[in-house]
Protein chains: 2
Amino acid sequence: MKEKILDAAEKMVQDRGLNAVSFQDLANAVELRKASIFHHFPNKEALARALIERCGSKHRPEYAAVVDSNASAPEKLRGLAGIFEKGLRNQRPCLLAALGSGVNTLSEVAVQELGEMARGAVSRFALVFQQGRDEGTLQFSGEPIDAATGFFAMLQGLQVLVRASGDTSAFSSAANAYVDSISLA
Amino acid sequence: MKEKILDAAEKMVQDRGLNAVSFQDLANAVELRKASIFHHFPNKEALARALIERCGSKHRPEYAAVVDSNASAPEKLRGLAGIFEKGLRNQRPCLLAALGSGVNTLSEVAVQELGEMARGAVSRFALVFQQGRDEGTLQFSGEPIDAATGFFAMLQGLQVLVRASGDTSAFSSAANAYVDSISLA
DNA sequence: GCCTGTCAACCGATCGGTCGGTAGGATGGT
DNA sequence: ACCATCCTACCGACCGATCGGTTGACAGGC
């Protein structure tokens with residue numbers, strides 16, 4: 001049941017943002033009474049933190065599968081972009097993009113956990129950039145971590161940009177163009 | 001007074017997201033009574049649309065000043081990034097990043113206006129990429145519009161990423177690293 | 001006399017959250 | 001086998017606060 005609530009909450013948060021999701025909404029979605037939701041999550045912050053943690057542990061293996069594969073660095077970058085694109089197609093952008101704008105309505109602890117999740121993702125991305133530099137398939141300036149931050153941010157930004165502009169195809173166009181730009185033949 | 005309300009609203013929306021800003025908050029901030037706010041904006045959607053429009057007309061000249069200058073393309077890209085960085089330093093990210101996550105709580109008209117604003121910005125950015133290709137200072141694959149979309153999305157994403165991760169310096173590091181990567185010596 | 005801006009008072013709805021209590025399944029002592 | 005106990009999950013009813021929004025009245029300047 002707890003998982004079912006989190007599923008519904010995740011979908012709604014990705015759709016409308018955290019504080020446009022009420023316990024009543026949740027209760028309706030999972031066919032429980034509102035009071036019962038509080039049995040599983042004592043308050044909204046606990047719900048948010050559970051959401052963040054679950055999001056992290058759900059996507060970490062997805063990233064790992066791409067990063068730890070034996071593909072070339074450019075292929076891995078495309079794979080990472082694909083993860084985000086897949087979520088976007090199902091109207092389910094990354095939680096970071098969904099929670100990011102309301103970051104000052106979250107508790108400090110929650111923000112910190114969100115930040116850790118983001119930093120973890122970026123550091124995984126950085127491994128790919130390092131690999132690309134080592135094997136000579138990627139050409140970029142500065143530290144791998146900075147390139148990874150930029151790439152990760154681009155994927156995040158594309159998610160909100162695409163939803164705002166309505167042009168779904170822009171995601172893969174822009175992401176692929178970027179990867180091409182820094183790939184070496 | 002209308003402007004004063006919009007100023008306060010803008011700051012609060014950038015800080016916490018639209019639907020965490022109440023008319024009461026606004027009234028307190030501008031030292032009016034709640035009912036008086038409704039004299040200037042009949043409802044919340046009107047407020048949001050006014051915010052979007054003002055944001056567009058405020059930033060358009062800022063973009064134009066950079067795009068229409070006679071600097072080189074890489075310098076212009078740095079200038080554009082600087083606009084966003086300046087906003088970020090004042091805890092005032094772009095409205096697109098602030099409204100983007102709750103896009104499904106806005107009316108269709110508002111979303112459309114937001115989309116137009118975004119497309120307008122991207123198309124201005126694209127001029128710079130075109131210039132860079134023409135003058136041989138920028139090296140990237142695909143159409144200028146795709147590169148511009150990616151760059152703009154990166155700036156948007158960096159804003160939320162920086163606020164979530166707490167590492168303010170990451171913005172310019174990542175943005176500059178990107179520009180360096182696609183610049184030709 | 002009218003228009004603009006302001007306000008107090010109020011509205012129904014909904015918000016996050018609490019409370020007391022119930023149904024049912026395990027547990028364990030006798 | 002029996003019953004008392006405990007625990008998890010759930011629920012109806014309710015709380016104070018706040019939400020977006022409305023109404024009618026009162027100033028002051030044109």
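Numbers restart at 1 for each chain; the letters A, B, ... are given by sequence-line order, proteins then strands.
Here A:Val30 lies out of heavy-atom contact (under 4.0 Å) with every strand.
Remark: B:Lys86 NZ is loosely packed, at most 12 non-hydrogen atoms of other residues, nucleotides or ligands lying under 6.0 Å away. Within a 6.0 Å radius of CD in A:Gln130, more than 12 heavy atoms belonging to other residues, nucleotides or ligands are found. More than 12 non-hydrogen atoms from other residues, nucleotides or ligands lie less than 6.0 angstrom from CD of B:Gln131.
Atom CD1 of B:Ile37 and atom P of D:dC19 are 13 Å apart (whole Å). Rounded to a whole Å, the NZ atom of B:Lys34 is 10 Å from the P atom of D:dG21. In this structure, A:Asn19 places its CG atom 16 Å from C1' of D:dA17, rounding to the nearest Å. One can place CE of A:Met1 at 14 Å from C1' of D:dC11, the figure rounded to the nearest angstrom. With rounding to whole Å, B:Ile5 atom CD1 is found 11 Å from C:dT6 atom C1'. Taking atom CG of A:Leu26 as the reference point, atom P of C:dG17 lies 12 Å away to the nearest angstrom. At whole-Å resolution of the value, NZ in A:Lys4 and P in D:dA9 are 14 Å apart. In this structure, the CG atom of B:Asn43 is 14 Å from the P atom of D:dT23, given to the nearest Å.
Regarding contacts with the backbone of D:dA9, every side-chain N or O of A:Ser36 stays at 4.0 angstrom or more from both OP1 and OP2. Between A:His40 and the phosphate of D:dT8, there is no side-chain N or O to OP1/OP2 separation shorter than 4.0 Å. For D:dA9, one of the phosphate oxygens OP1 or OP2 lies less than 4.0 angstrom from a side-chain nitrogen or oxygen of A:His39. OP1 or OP2 of C:dC15 has at least one side-chain nitrogen or oxygen of A:Ser22 nearer than 4.0 Å. For A:Arg33 and D:dC10, the shortest distance from a side-chain N or O to OP1 or OP2 is not below 4.0 Å.
With C:dC10, C:dA8, C:dT6 as the choices, the nucleotide that has an atom nearest any side-chain atom of B:Ala35 turns out to be C:dA8. The nucleotide whose nearest atom lies closest to any side-chain atom of A:Phe38 is, among C:dC15, C:dT18, D:dG21, C:dT18. Side-chain proximity of A:Phe23 to C:dG17, D:dC10, D:dC19: nearest is C:dG17. Relative to the side chain of A:Gln24, the nucleotides C:dA8, C:dC15, D:dC19 differ in distance, and C:dC15 lies closest. Side chain of A:Lys44, nearest nucleotide from D:dG21, C:dG17, D:dC10: C:dG17.
With ring centers used as reference points, A:Phe41 lies 6.0 Å or more from A:Phe23.
With contacts defined as side-chain heavy-atom distances shorter than 4.5 Å, the pair B:Leu99/B:Leu51 does not qualify.
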